[in-house]
Amino acid sequence: MPIIISRAVIGFIRQLIFNKILMNIKTLILIMINSLIVLVIALLSFSFYEQFSSVLNDRILMQLNSIENLESIQIENLIKTEWDRFESSEGSGENIDSTTFALPDSIKMVDGIHDLTPYHKYKKATIGFVNTKKGRKIKVIDYSNIQNILLERTGMGESGETYLVGEDFRMRSESRFFSDKKPYDVSVKTQGVISALKGINGRGILEDYRGVPVYSVYSLIQISNLKLVILSEIDVSEVTKPLEKLKLKLMTLTLVIFLVAVTLSLFLTRIIVDPITNMRNSLRVMAKGDYNQTIEYKRSSNETKEMFDALSNLKASLQGAVKFSDAIGNMDLKTNYKPISANDVLGKSLLTMRNKLIDFKNKEDNTRIMAKRLLVNGLENERRRLSRELHDGLGPYLTSLKYYIENNVENELKKTEMKKIVDETISEIRSMSNALMPASIDDFGIGVTLTNYIENLNRSTSMNIEYEDLTKQENSNISDHQGINLFRISQELINNSLKHAKAKNIRITLSEFDEFISLFYFDDGFGFNISTVKLGSGITNIKERVDICNGKITINALPGNTTFEIELPVEL
């Protein structure tokens with residue numbers, strides 16, 4: 001739009017000059033000056049509006065993505081927890097009403113987690129478990145817990161909602177817009193659902209099941225035989241209300257500045273034209289042969305020169321303002337600009353706009369880091385909770401079961417087999433609990449936890465892993481969340497070396513100093529080219545964990561000498 005306006009203005013001025021349209025200099029100056037001012041204002045307004053719109057879109061999609069990820073994790077953890085309890089329970093039987101459900105053999109004979117909604121007499125959203133290992137067991141879980149997770153609408157505005165869709169493109173949760181309909185009666189064959197069912201997670205501005213444009217984030221929840229699409233959406237019309245207000249304010253500001261510019265340009269042209277008019281009158285008198293007349297006019301050759309110098313300075317000032325505004329529009333906020341004088345209102349306004357954009361960007365970065373920190377902390381807290389539930393909840397039950405078998409089962413062969421199964425289950429639960437959150441990290445810190453973790457790895461793999469713990473054994477300043485993130489980073493690095501780098505030797509050093517914590521990692525694997533390789537989620541997760549700890553990372557990925565150097569500030 002600004003490019004079209006500028007071309008039109010330049011074309012009009014060129015037509016006035018080359019076609020020799022009769023026009024006095026005052027009108028020509030007015031047109032030229034005001035055209036330049038309108039052009040600059042239009043460019044600034046358009047750049048600011050586009051940038052604000054882009055930032056708003058990214059922020060909304062990022063917020064929806066965080067909400068969708070959190071609720072997806074909660075739903076998956078809920079279903080997996082229910083499944084673990086179901087698998088560990090004894091006995092057999094079905095807790096479903098055969099008059100309500102018509103389950104085919106293709107469901108009853110397949111172990112795992114199933115979506116039973118299509119087989120419900122009234123199409124009520126239902127998730128069921130099937131286990132045929134020790135006699136057929138079928139259980140239907142309480143779906144209200146999943147619905148309660150989806151009903152959490154913090155940060156979703158007035159039109160936002162998170163809902164589930166099955167493989168048959170039917171809703172599996174209540175619609176806030178069609179509350180009078182059953183979820184199964186609402187068809188949701190949208191682009192987001194289609195993409196998610198193909199395994200493509202994404203986000204963008206799409207049409208929802210009402211045909212209304214929305215900001216949408218979608219992904220696939222796939223557990224065992226269960227496939228559900230989770231979507232978090234908010235209406236575009238609600239989000240863009242501030243943009244419409246901003247557009248109106250920019251138009252009003254443009255009009256006000258234009259009126260002020262016209263007024264100032266009229267005063268300016270008077271100063272410029274008056275000396276020229278006096279010179280014209282003097283020449284007319286002299287042309288009549290009257291050489292003795294006294295003509296009052298200012299012989300202002302210096303003033304005329306200063307006038308043209310001022311115009312040149314104005315041109316240079318406008319060029320600088322346009323260049324600076326273009327840099328701001330491209331978010332090059334480090335560009336230097338100096339107002340030409342204390343009265344340079346435009347220059348001061350541009351600097352103020354630049355400073356406000358810098359503040360906004362810094363706040364946005366801080367908000368993004370804080371959101372990542374809250375998400376990671378929430379995930380680690382959930383892992384800690386699940387780890388404790390596995391250890392403190394299921395562990396005693398299995399131990400009691402083992403004692404019961406020893407004291408009450410008379411058949412020695414069966415007793416031995418049952419004790420073996422229980423021991424393997426206890427060992428598996430202990431491994432799962434330790435993988436979710438090592439108990440030693442809260443009791444003994446990151447140094448001891450990494451020592452135990454690497455000792456276990458050395459016993460189970462042929463790779464040589466050396467670990468040096470240089471942390472303070474007493475009065476350590478490593479915070480809990482730093483310790484957890486350092487442990488997860490080490491896990492991810494070792495996993496990458498095992499799976500991708502094909503390394504044979506790994507060296508890890510964790511050092512604690514007065515002002516910072518250092519993690520040094522080395523392996524002799526294949527390495528990778530940082531400038532060309534497409535970083536996977538592993539390296540991305542490592543960088544995000546370093547960011548949320550306000551640290552810095554240096555990667556050297558040469559073949560046979562891959563190193564990661566991470567420094568985190570001590571949090572006092």
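A quick note: this is a predicted structure, and the numbers were derived from the prediction, not measured. Counting begins at 1 with the first residue of the sequence.
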Kindly indicate whether the side chain of [X], heavy atoms from C-beta on, has any atom under 4.5 Å from the side chain of [Y].
| X | Y | answer |
| --- | --- | --- |
| Val110 | Val130 | no |
| Ile484 | Ile446 | no |
| Leu70 | Ile73 | no |
| Glu76 | Ile221 | yes |
| His114 | Ile127 | no |
| Ile75 | Leu150 | yes |
| Ile478 | Thr471 | yes |
| Arg136 | Lys108 | yes |

> Between Glu468 and Ile508, does a side-chain contact (heavy atoms from CB on, under 4.5 Å) hold up when you go through it step by step?
Replying inline: CA-CA 6 Å; Glu468 185 177 10; Ile508 303 173; over 6 Å; no

Taking [Y]'s backbone N and O only, do any of them form a donor-acceptor pair with [X]'s side chain (distance below 3.5 Å, no angle check)?
| X | Y | answer |
| --- | --- | --- |
| Thr126 | Lys124 | yes |
| Ser195 | Gly192 | no |
| Asn69 | Asn65 | yes |
| Arg176 | Gly160 | yes |
| Asn148 | Ser144 | yes |
| Tyr163 | Pro183 | no |
| Asp111 | Thr132 | yes |

>> For Phe564 and Phe522: C-alpha separation, side-chain torsions, deciding distance, then whether ring-ring contact (aromatic ring centres under 6.0 Å, His included) applies.
In response: CA-CA 7 Å; Phe564 288 77; Phe522 161 85; over 10 Å; no

Between [atom1] on residue [X] and [atom2] on residue [Y], distance to nearest 0.5 Å:
| X | Y | atom1 | atom2 | value |
| --- | --- | --- | --- | --- |
| Lys543 | Ile566 | NZ | CD1 | 11.0 Å |
| Asp547 | Ile553 | CG | CD1 | 9.0 Å |
| Thr562 | Ile555 | OG1 | CD1 | 10.0 Å |
| Thr563 | Leu493 | OG1 | CG | 10.5 Å |
| Asp142 | Ile146 | CG | CD1 | 9.0 Å |
| Leu450 | Thr509 | CG | OG1 | 11.0 Å |

Option from [options] for which side-chain contact (heavy atoms from CB on, under 4.5 Å) with [X] holds:
| X | options | value |
| --- | --- | --- |
| Phe169 | Val186, Val188, Val229, Leu197 | Leu197 |
| Ile465 | Asp523, Asn458, Leu498, Asn505 | Asn458 |
| Pro213 | Thr240, Asp208, Asp235, Val236 | Val236 |

> Strictly under 6.0 Å, is that where the ring centroids of Tyr467 and Tyr453 end up?
Replying inline: no

For [X] and [Y], test the side chains for any donor-to-acceptor distance below 3.5 angstrom and give the result as yes or no.
| X | Y | answer |
| --- | --- | --- |
| Asn57 | Tyr215 | yes |
| Thr162 | Ser232 | yes |
| Glu68 | Tyr218 | no |
| Tyr209 | Ser175 | yes |
| Ser159 | Glu238 | yes |
| Ser216 | Glu233 | yes |
| Ser497 | Tyr521 | yes |
| Glu512 | Ser476 | yes |

Tell me whether [X] at atom [atom1] has more than 12 heavy atoms from other residues, nucleotides or ligands lying less than 6.0 Å away.
| X | atom1 | value |
| --- | --- | --- |
| Lys472 | NZ | yes |
| Glu161 | CD | yes |
| Gln191 | CD | no |

Of all the heavy-atom pairs spanning [X] and [Y], show the shortest one and how long it is.
| X | Y | answer |
| --- | --- | --- |
| Asn225 | Gly112 | ND2-CA, 3.8 Å |
| Arg170 | Tyr184 | CD-O, 2.9 Å |
| Pro569 | Cys549 | CD-O, 3.6 Å |
| Gln482 | Asn477 | OE1-O, 4.1 Å |
| Leu486 | Leu568 | CD2-CD1, 3.8 Å |
| Ala503 | Gly525 | CB-N, 3.7 Å |

>> Apply side-chain contact (heavy atoms from CB on, under 4.5 Å) to residues Val193 and Lys189 and explain how you reach the verdict.
In response: CA-CA 6 Å; Val193 176; Lys189 195 168 185 178; over 6 Å; no

>> Run Met62 and Arg59 through side-chain contact (heavy atoms from CB on, under 4.5 Å) and show every step you take.
In response: CA-CA 5 Å; Met62 186 182 301; Arg59 184 172 182 179; 5.6 Å; no

> Going by an N to O cut-off under 4.0 Å, is there a salt bridge joining Lys227 and Asp115?
Replying inline: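 Looking at Asp115 together with Lys227, the answer is no, because their closest N to O distance does not fall below 4.0 Å.
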
>> Quick one, Ile489 with Leu519, criterion side-chain contact (heavy atoms from CB on, under 4.5 Å). Give me CA distance, side-chain angles, the key distance, then yes/no.
In response: CA-CA 9 Å; Ile489 289 171; Leu519 177 67; 4.0 Å; yes

> Just checking, Lys137 and Phe86: is the charged tip under 6.0 Å from the six-membered ring centre and within 45° of the axis?
Replying inline: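 The answer is yes; both the distance and angle limits are met.
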
